[in-house]
Amino acid sequence: MESLETLNPQQRSAVESTEGPLLVLAGAGSGKTRVITVRIAQLIATEQVPAHNILAVTFTNKAAGEMRERVSRLLDEHRLQSAPLITTFHSLCVRILRRDIEHLEAGYTKSFTIYDTDDSVKVIKNCLKEIGYDDKSMTPRRLLGIISAAKNAGETAEQIAAGVRYTDQMRAVVAKVFRMYEQRLRTANALDFDDLLIKTVRLLGKSSDVRRHYNERYRYILVDEYQDTNSLQLSLIKYLTELSQNICVVGDDAQSIYGFRGADVGNILSFEEHYPSAKVIMLEQNYRSTQNILTAADSIIKRNKGRKDKTLWTANQSGERILYAQLPDSDGEARFVADEIDGILRREPSTRIAVLYRTNAQSRLFEEALRRIRVDYNMVGGFSFYERAEVKDIIAYLKLAMNPTDDVALMRVINTPARGLGKTSIDAIQGIALSRSSSMWEAILQATAPGGDPSTLSSRAVGALVRFRMTVEKLSSLMFTSSDSDRPVSNIVISAIEDSGYAAMLRSENTDESASRLENLQELVNAATDYDNDGPDGLRNFIDHAALTSDTDKFDRNASVTLMTVHAAKGLEFPVVFIVGLEDGIFPHSRSLNDERELEEERRLAYVAITRAENRLYITHSMRRRIYGEEIPAEPSQFLNELPIELIDDRSQGMSWLSAGGGGGASRGSVAPRLPERRPAPRPVGKTYDSPDAIRDFFSGRSTGSRDSESRIRKTSEDPDSDPSGIKPGSTVEHPRYGKGLVLKREGSGDGAKLTVSFPGHGHKKLMEKFANLKVIK
DNA sequence: AAGTAAATTTTTTTT
DNA sequence: AAATTTACTT
């Protein structure tokens with residue numbers, strides 16, 4: 001394969017050592033992803049391994065997607081009958097459990113629901129309410145953290161209760177809620193994020209048949225970011241590789257930043273104990289960063305004690321020094337960063353720049369500063385699309401129709417839109433459910449059964465419940481009557497939006513807010529169209545996707561400015577990087593100041609941040625910061641002390657911590673006054689398309705004739721001209737958010753009509769005509 | 001039961 | 001400062 005020649009000897013050896021266990025210790029920027037992808041391609045193209053026998057596991061959908069793309073590019077000319085499975089740990093587990101969970105334990109079925117953290121918190125809140133425990137020091141969130149840690153460690157409620165970490169009373173509460181929580185998930189046929197791994201490992205441990213099946217299926221397994229695996233993920237891998245032992249793990253102990261989630265660096269450090277015949281390859285040449293950036297990163301990480309000694313080196317030039325600025329307050333910091341970005345983009349408009357911060361809460365100031373000077377940015381993380389209330393509401397309807405015992409989903413939508421089912425009625429239903437130890441849905445069935453006992457519910461409430469029940473049952477029957485094959489996922493989603501009365505509720509509100517919510521639901525329908533051709537599992541897959549996909553995954557690699565947390569930046573690289581908020585209590589975070597192990601993790605985090613930079617690195621901090629709406633003085637981060645002073649170029653206005661006492665020797669760079677002139681219009685981000693007119697020219701030039709004949713043929717049922725809106729291919733329309741666009745394609749008719757529209761600056765969008773709120777221009 | 005006003009809490013990082 | 005939760009009114 002030609003790409004082999006471009007690899008260095010170590011990389012090449014990592015690609016070619018295809019049989020047996022292999023540990024690749026890959027330093028930052030050493031071509032790790034390249035090695036994994038070429039290795040997969042090599043297995044398929046050269047070693048003739050059938051693609052479906054290969055499994056590559058990552059932690060994020062972002063990483064999996066990127067890997068998938070790069071592998072398919074490498075294998076471009078090969079016609080493959082199957083594809084390698086490249087996926088995340090959690091998706092892999094869902095896949096295994098959807099097939100075999102019924103072999104594990106009674107109670108759980110294939111149609112189980114996934115509870116995200118939010119859902120879990122609600123369950124815990126409910127448990128606390130039921131036992132009447134109200135203590136501000138034990139929030140549902142914290143309790144979930146404790147339970148989650150216990151579950152991951154394989155501890156039972158009794159073991160937790162015996163632990164010495166809490167007071168006697170608290171121990172009893174933790175144990176009790178733990179048991180209740182697990183029980184409720186079971187009655188709801190629901191699995192939380194931890195369960196996905198736990199149950200899968202337990203299933204593999206219990207059934208040798210299931211184990212054999214996956215061992216035979218996946219004969220070559222690769223794991224990315226191995227330093228972030230926890231003990232369950234290790235067990236999973238060990239089970240899956242029992243037979244072949246063809247396991248290749250890639251990682252860097254210096255980049256282990258998920259200890260708080262149970263990741264155990266020990267897994268990578270002791271790989272050779274788990275796989276005694278393992279071959280070890282070190283990738284130590286960095287191709288990404290300048291020598292100065294690498295030196296800075298090294299000077300931080302070398303303060304850590306527990307680490308494997310690696311010497312990362314580069315043939316790159318020393319490059320510029322590290323740009324440093326101390327600002328008087330956090331607004332000033334944001335303004336400084338925005339102005340620097342503006343300057344860089346004026347000189348070189350296509351530069352990719354990242355602003356990295358420790359916590360999501362820091363993002364707002366940078367967003368505002370960039371917006372003020374009209375620089376477009378792309379923010380990763382923060383509020384996820386799938387976390388919006390309206391999106392979660394509709395997903396809850398779908399989940400409920402799929403699995404009516406899902407109490408969390410039921411609670412979410414039972415009175416949304418309002419049906420007159422308030423606290424009293426809901427309490428009554430919960431009471432019935434509790435007394436029969438059933439789900440709330442079964443309680444509703446009981447309460448609405450004809451001739452059922454006249455329970456605690458008012459007749460008005462019973463009426464509302466009957467209507468609610470019919471709504472859900474109708475949706476259910478839409479999903480499960482697979483008799484007519486044409487039941488696309490998007491139509492079911494539309495049905496959930498319409499038949500629940502949700503759309504009517506939003507339309508009648510008639511505010512900017514409700515309009516934007518409708519637009520978000522339109523986006524949800526758009527997202528669902530991706531699953532329309534997935535067959536009978538389409539809806540299931542769509543719902544799973546919504547549960548397992550965070551916004552961290554929608555990183556636009558072409559955007560010029562990206563805002564994100566350091567965690568989200570792992571695995572990415574940028575010519576210019578700003579690391580902001582280098583203050584004590586922020587970075588390193590206050591919660592890790594008293595614990596040496598956690599402080600070392602913060603240091604690794606700083607290492608990850610620095611090594612994202614290719615050519616230019618900025619480090620900033622401010623002397624005052626608002627926290628909870630209160631201005632408090634901020635101290636410079638201890639990590640600043642750990643940077644080599646001679647590599648720092650101090651750009652602070654006036655005195656800085658560095659020039660005062662931190663360094664003394666650092667020289668001052670000149671501070672050029674900023675130009676007041678501003679860019680007139682925002683720079684478009686991502687794909688840019690031509691004007692509507694240019695697209696129209698292109699479009700009409702190619703297909704005017706066929707369009708005419710097509711519209712003549714379809715005269716009877718689906719004639720676009722007969723549609724009251726008159727929107728057809730070639731029409732120009734106006735969308736509230738995307739502006740003017742050209743209609744390229746129209747599919748379906750009536751309520752299901754889908755339009756493909758090209759909006760300059762926004763690319764092609766698939767819209768449901770019904771929701772899109774389009775104005776026809778010509 | 002639903003809407004409004006007041007009180008309380010929030011920020012670590014994420015699948 | 002903002003968002004969520006609770007308390008209070010109609």
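Quick caveat: nothing in here was measured; it's all calculated off a predicted structure.
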Protein-nucleotides 10-13 of chain B N/O pairs under 3.5 Å:
| from | atom 1 | to | atom 2 | distance (Å) |
| --- | --- | --- | --- | --- |
| B:dT12 | OP1 | A:R591 | NH1 | 3.1 |
| B:dT12 | OP1 | A:R591 | NH2 | 3.0 |
| B:dT12 | OP2 | A:R591 | NH1 | 2.9 |
| B:dT12 | O4' | A:H589 | NE2 | 3.2 |
| B:dT12 | O2 | A:R358 | NH1 | 3.0 |
| B:dT12 | O2 | A:R358 | NH2 | 2.1 |
| B:dT13 | OP1 | A:N360 | N | 2.9 |
| B:dT13 | OP1 | A:N360 | ND2 | 3.2 |
| B:dT13 | O4' | A:R358 | NH1 | 3.3 |
| B:dT13 | O2 | A:R358 | NH2 | 3.3 |

- Task: Using a strict 4.0 Å threshold on nitrogen-to-oxygen distance, state whether A:E631 and A:R624 make a salt bridge.
- Result: yes
- Message: One thing to verify: whether A:R603 and A:E642 come together as a salt bridge, which I'm taking to mean a side-chain N less than 4.0 angstrom from a carboxylate O.
- Response: yes
- Starting at atom CG of A:L232, determine the distance to atom C1' of B:dT14, rounded to an integer number of angstrom. 16 Å
- Item | First of A:S91 and A:A418 reached from the 5' end of DNA chain B, by closest nucleotide | A:A418
- Note on the structure: Here the gap from A:M402 atom CE to A:L398 atom CG, rounded to the nearest 0.5 Å, amounts to 8.0 Å
- Task: Can you sort out which residues in residues 120-127 of chain A have a heavy atom within less than 4.0 Å of DNA chain B? Ascending by number, please.
- Result: none
- Note on the structure: Rounded to whole Å, the CD-P distance (A:Q255 to B:dT14) equals 16 Å
- Separation of B:dT14 atom C1' from A:L196 atom CG, nearest Å, is 14 Å
- Message: Does this structure show an ion pair linking A:D119 with A:R412, if we count only N-O contacts that are shorter than 4.0 Å?
- Response: no
- Do the charged groups of A:R186 and A:E182 touch, with an N to O distance under 4.0 Å? no
- Query: Want to settle it: does A:R261 or A:K423 sit nearer the 5' end of DNA chain B, counting the closest nucleotide to each?
  - Reply: A:K423
- Within this structure, what is the NZ-to-C1' distance between A:K62 and B:dT14, rounded to whole angstrom? 11 Å
- Rounded distance in Å between the P positions of C:dT6 and B:dT11: 15 Å
- Query: Across the strands shown, which category fits A:F59 at heavy-atom distances under 4.0 angstrom: base, sugar-phosphate, nothing?
  - Reply: sugar-phosphate
- Query: Can we say A:K151 and A:D192 salt-bridge, meaning some charged N sits less than 4.0 Å from an Asp/Glu carboxylate O?
  - Reply: yes
- Query: How long is the line joining CG of A:D118 and C1' of C:dT4, in whole Å?
  - Reply: 12 Å
Under 3.5 Å, N/O pairs linking protein and nucleotides 6-10 of chain C:
none

- Between P of B:dT15 and CG of A:L548, the distance in whole Å: 10 Å
- Do A:R626 and A:E630 sit within salt-bridge range, that is, some charged N less than 4.0 Å from a carboxylate O? no
- Message: Nearest to the side chain of A:N415, heavy atoms from C-beta on, is which of B:dA2, C:dA2, B:dA1?
- Response: B:dA2
- Interatomic distance, A:I632 CD1 vs C:dA1 P [rounded to whole Å]: 14 Å
- Query: Is any side-chain N of the basic residue among A:R98 and A:D544 closer than 4.0 Å to the acidic one's carboxylate O?
  - Reply: yes
- Message: So, does A:S425 get its side chain near the phosphate of B:dA1, meaning an N or O under 4.0 Å from OP1 or OP2?
- Response: yes
- Message: Does B:dA1 have its OP1 or OP2 closer than 4.0 Å to a side-chain nitrogen or oxygen of A:T424?
- Response: yes
- Item | Parallel, tilted or perpendicular: ring planes of A:F260 versus A:Y258, cut at 30 and 60 degrees | tilted
- In whole angstrom, give the distance that lies between atom CG of A:L365 and atom P of C:dA1. 12 Å
- Item | Heavy-atom check, side chain of A:H621 versus side chain of A:F639, under 4.5 Å | no
- Are any of the side-chain nitrogens in A:E583 or A:R625 under 4.0 Å away from the carboxylate oxygens of its partner? yes
- Message: I'd like to know if A:K32 pairs up with A:D224 as an ion pair, taking the criterion as any Lys NZ or Arg NE/NH1/NH2 lying under 4.0 Å from an Asp or Glu carboxylate oxygen.
- Response: yes
